[in-house]
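First the structure, in the form of structure tokens, and then the observations on it.
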Amino acid sequence: MKLFKWLVGFLVGLLFWTWQPVSLKAMTEQEEIEALKAQVQMLLKRIEELERRQAREEKAAESKAPANWKAYWKNGFRIEYKDPEKDREYKFRFRTGIQLRYTYMSRDEDFSGGDENYSSFNMRRLRFFVDGTAPNRDWKYYVHVQLEPKSSVNVHDAFVIWQRYAPFFKVQFGRMKIPAMSMEYWQSGFMQNGTDRTIFTDDSEGYWPYAGTPKLKVGGHLLSNGFPIGGMLLYRSQGINVNGALDLFGKKQFLAYWFGWYNGRDTQGNRNTASDDHLYSWRVAFNILPGSDPRGPLGPGTFNNYFMQGDYGYNTKPALALVLSGFWTKNRVGTYYTNTDTDAELESISRNHDVENYGFDAALLFRYKGFSADVEWAWEEFIQDPDKGNVGGHDEETWDRMGFRVNLGYFWVPRKWEMTFKYAYLERLTDDKLEDAIKSGVGLLKTKDGKYAIEDYMQQFMVGVNYYFHGFNQYITFDVSYLMIETAKPSVAEVAKMGLNGLSWDDETEEDWRFRVMYQYLF
């Protein structure tokens with residue numbers, strides 16, 4: 001209204017100066033002054049009337065608007081509305097996460113594909129997150145959309161949780177991470193105390209290994225014969241699970257549990273298979289030491305629902321949890337891998353058959369005064385054609401996989417500077433033989449001089465430094481990794497059985513060095 005008054009004054013003055021020559025002829029000076037005063041008084045009354053009308057309108061608008069809603073920013077833009085009389089509690093939060101990474105890898109020139117080193121700026125993650133409650137706090141929703149330039153737009157997660165009896169009992173349904181196996185994968189990609197996960201789960205970005213065997217993957221890690229060539233994870237699927245936390249032995253939320261029923265391992269859309277079998281999973285966590293968060297071990301100061309690495313919450317009391325999980329699934333696929341020629345190239349045979357897959361994982365998590373330690377081990381077994389359903393053409397095989405990791409972190413400046421050390425060990429095929437490497441689809445490594453080798457096991461050693469500007473909302477991380485693949489030669493009998501006598505073999509160790517720096521912005 002001050003601007004309005006200023007404009008009125010300006011117009012009055014302008015009117016006075018334009019009207020003045022005429023008024024000198026028609027009126028005396030005193031009459032002019034009186035006329036102007038009358039006009040000003042009339043304008044001021046009009047302004048007061050407009051102000052009263054605006055005040056009445058604003059008051060009416062306020063009376064109609066709900067008194068119990070608010071919009072604000074706190075780890076994302078939030079809108080909240082409550083109406084206790086109608087049992088309504090709507091909450092909405094929108095977040096965006098960006099991870100920009102630079103990677104340089106010095107590749108082992110003794111292996112095929114190692115002539116050129118790797119150097120790349122990469123948008124590792126670009127994500128939208130929406131979560132909240134509607135129509136009341138009994139119903140929670142979560143949507144997570146992938147937007148990285150290297151891939152198409154994809155809905156990673158979209159689920160609803162009925163939580164009337166939380167934290168003791170909840171029902172979750174939709175698309176989500178399967179609650180079994182890799183705790184490292186269960187921990188959010190935006191809450192890693194380092195540049196990324198280890199090879200226990202997969203941190204390759206699709207460029208390692210490079211000498212013949214399939215690259216490590218997270219999503220899309222199942223070959224056409226159903227065999228997993230990524231880390232020890234199940235990825236995502238559509239389904240339902242019940243979960244919750246119980247107070248036992250005088251400790252708050254001592255036991256946390258998840259029991260799930262899903263389409264299958266690493267599935268999108270509906271099912272994408274010709275089988276009516278599914279995947280069943282379980283996870284049980286024992287919060288042995290509660291930590292310092294008054295809301296219990298599942299509070300954000302300790303494990304943040306187990307989604308966070310490191311002790312950014314800086315627990316003044318030790319937090320210790322043992323997490324056990326497992327799964328079983330059966331599927332139907334249409335491909336066998338074999339080798340019928342004298343070269344090392346894999347060949348596929350179209351033949352429908354069942355595959356069975358099950359596994360077990362154990363993780364120990366510890367947090368205390370800026371120090372964190374995650375220790376995890378996982379094993380799984382894959383059975384090809386377990387029921388010998390193709391009479392006269394079945395090819396029953398059993399393969400095991402195993403992995404292990406250690407993740408250590410320490411804040412020498414609380415909530416600012418953190419040092420990390422990570423180690424991971426992965427056998428994509430345990431006790432790998434030449435026939436197993438070919439029939440599973442893992443295949444063979446190739447050296448620069450044209451020789452071949454069996455992939456025995458992988459190792460990763462990593463040291464890093466993290467600086468947190470505003471916690472995980474804004475931080476920068478540096479790390480250096482030594483990546484190694486130990487290879488083996490097949491026996492003469494194995495070579496003869498597969499008809500590969502014309503090939504030369506070696507057992508060199510592939511050694512790659514990698515430097516990475518990543519900036520994360522989560523808002």
Side-chain angles (χ1 to χ4, degrees), residues 129-134 137-144 155-189 191 201 218-219 221-222 228 232-248 253-273 275-287 296-299 303-308 321-331 356-363 365 376 378 380:
F129 305 91
V130 177
D131 67 289
T133 60
R137 65 187 307 171
D138 292 343
W139 299 91
K140 184 178 180 179
Y141 61 88
Y142 178 82
V143 178
H144 170 197
V155 178
H156 268 332
D157 303 284
F159 57 79
V160 175
I161 301 176
W162 180 68
Q163 52 181 11
R164 169 169 289 186
Y165 301 105
F168 312 111
F169 179 81
K170 296 180 287 185
V171 180
Q172 180 175 340
F173 52 91
R175 175 168 174 78
M176 67 198 82
K177 291 181 178 180
I178 299 173
M181 301 302 282
S182 176
M183 275 301 299
E184 186 180 39
Y185 179 64
W186 188 255
Q187 293 163 332
S188 169
M191 291 191 176
T201 300
V218 177
H221 72 276
L222 301 183
M232 308 300 293
L233 80 159
L234 302 179
Y235 194 60
R236 291 176 164 92
S237 185
Q238 293 74 241
I240 185 171
N241 77 65
V242 295
N243 61 84
L246 305 176
D247 299 344
L248 295 172
Q253 297 180 2
F254 175 80
L255 173 68
Y257 66 90
W258 296 260
F259 296 97
W261 174 26
Y262 297 92
N263 274 352
R265 177 177 186 155
D266 191 5
T267 60
Q268 292 183 337
N270 48 18
R271 171 75 173 156
N272 299 325
T273 108
S275 171
D276 61 356
D277 296 302
H278 293 87
L279 181 146
Y280 304 92
S281 68
W282 60 272
R283 169 169 282 156
V284 179
F286 301 93
N287 296 300
L298 297 188
F303 298 123
N304 192 24
N305 293 313
Y306 302 101
F307 294 162
M308 177 187 291
L322 172 64
V323 186
L324 308 175
S325 67
F327 78 100
W328 178 93
T329 185
K330 197 172 183 180
N331 200 356
E356 185 177 354
N357 189 200
Y358 51 89
F360 178 79
D361 181 281
L365 313 177
E376 185 171 13
E380 62 177 293

Work out which heavy atom in [X] is nearest to a heavy atom in [Y]; give both atom names and the distance.
X: F360; Y: L324; result: CZ-CD2, 4.2 Å
X: F327; Y: W282; result: N-NE1, 4.4 Å
X: K177; Y: Y185; result: NZ-O, 2.7 Å
X: M176; Y: G239; result: CE-O, 3.6 Å
X: L248; Y: L255; result: CD1-CB, 4.0 Å
X: I178; Y: G264; result: CD1-O, 3.6 Å

Legend entry - Reference residue H278; test ring pair (Phe, Tyr, Trp, His ring centres under 6.0 Å); the match among W261, Y262, W328: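 Between H278 and the candidates, ring pair (Phe, Tyr, Trp, His ring centres under 6.0 Å) is satisfied uniquely by W261.
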
Inset, instruction - Could you tell me whether the side chain of N241 and the main chain of W258 form a donor-acceptor pair under 3.5 Å? - result: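 Here the side-chain-to-backbone pair does not exist.
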
Output the distance between atom [atom1] ([X]) and atom [atom2] ([Y]), rounded to the nearest 0.5 Å.
X: T201; Y: M183; atom1: OG1; atom2: CE; answer: 10.5 Å
X: L233; Y: D266; atom1: CG; atom2: CG; answer: 7.5 Å
X: N287; Y: L298; atom1: CG; atom2: CG; answer: 5.5 Å
X: T133; Y: Y141; atom1: OG1; atom2: OH; answer: 7.0 Å

Compile the donor-acceptor pairs under 3.5 Å between side chains in residues 159-171 and protein atoms, sequence neighbours left out, one pair per line.
from : atom 1 : to   : atom 2 : distance (Å)
Q163 : NE2    : R137 : O      : 2.9
R164 : NE     : D138 : OD2    : 3.1
R164 : NH2    : D138 : OD2    : 3.2

Legend entry - Min side-chain heavy-atom separation T329-D277 under 4.5 Å: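 No, every pair of side-chain atoms sits at 4.5 Å or beyond.
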
Inset, instruction - Please tell me if the side chains of D247 and Q253 come closer than 4.5 Å, counting only heavy atoms from C-beta onward. - result: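 Yes, at least one pair of side-chain atoms sits under 4.5 Å.
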
Legend entry - Test salt bridge (charged side-chain N to carboxylate O under 4.0 Å, His left out) applied to R236 - qualifying residues, sequence neighbours left out: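 Partners of R236 by the salt bridge (charged side-chain N to carboxylate O under 4.0 Å, His left out) criterion, ordered by chain and then number, come out as D157.
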
Legend entry - Results of salt bridge (charged side-chain N to carboxylate O under 4.0 Å, His left out) for E380 - residues two or more places apart only: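 Residues passing salt bridge (charged side-chain N to carboxylate O under 4.0 Å, His left out) with E380: R265, R401.
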
Legend entry - F303: ring-ring contact (aromatic ring centres under 6.0 Å, His included) partners, not counting sequence neighbours: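 So F303 forms a ring-ring contact (aromatic ring centres under 6.0 Å, His included) with Y306.
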
Inset, instruction - With sequence neighbours left out, write down each residue that passes ring-ring contact (aromatic ring centres under 6.0 Å, His included) with H221, or none if nothing qualifies. - result: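 Not a single residue meets the ring-ring contact (aromatic ring centres under 6.0 Å, His included) criterion with H221.
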
Legend entry - With sequence neighbours excluded, residues passing side chain to side chain donor-acceptor pair (under 3.5 Å) with S237: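 Only T267 meet the side chain to side chain donor-acceptor pair (under 3.5 Å) criterion with S237.
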
Inset, instruction - Apply side chain to side chain contact (heavy atoms under 4.5 Å, CB included) to the pair R175 and Q268, showing each step before the final yes or no. - result: CA-CA 9 Å; R175 175 168 174 78; Q268 292 183 337; 3.6 Å; yes

Inset, instruction - On the 0 to 90° scale, with breaks at 30° and 60°, tag the Y142-F129 ring pair as parallel, tilted or perpendicular. - result: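 The arrangement is tilted - the two ring planes meet at 30° to 60°.
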
Inset, instruction - Under the side chain to side chain contact (heavy atoms under 4.5 Å, CB included) rule, what do M232 and D361 come out as? Steps first, then yes or no, please. - result: CA-CA 9 Å; M232 308 300 293; D361 181 281; 5.6 Å; no

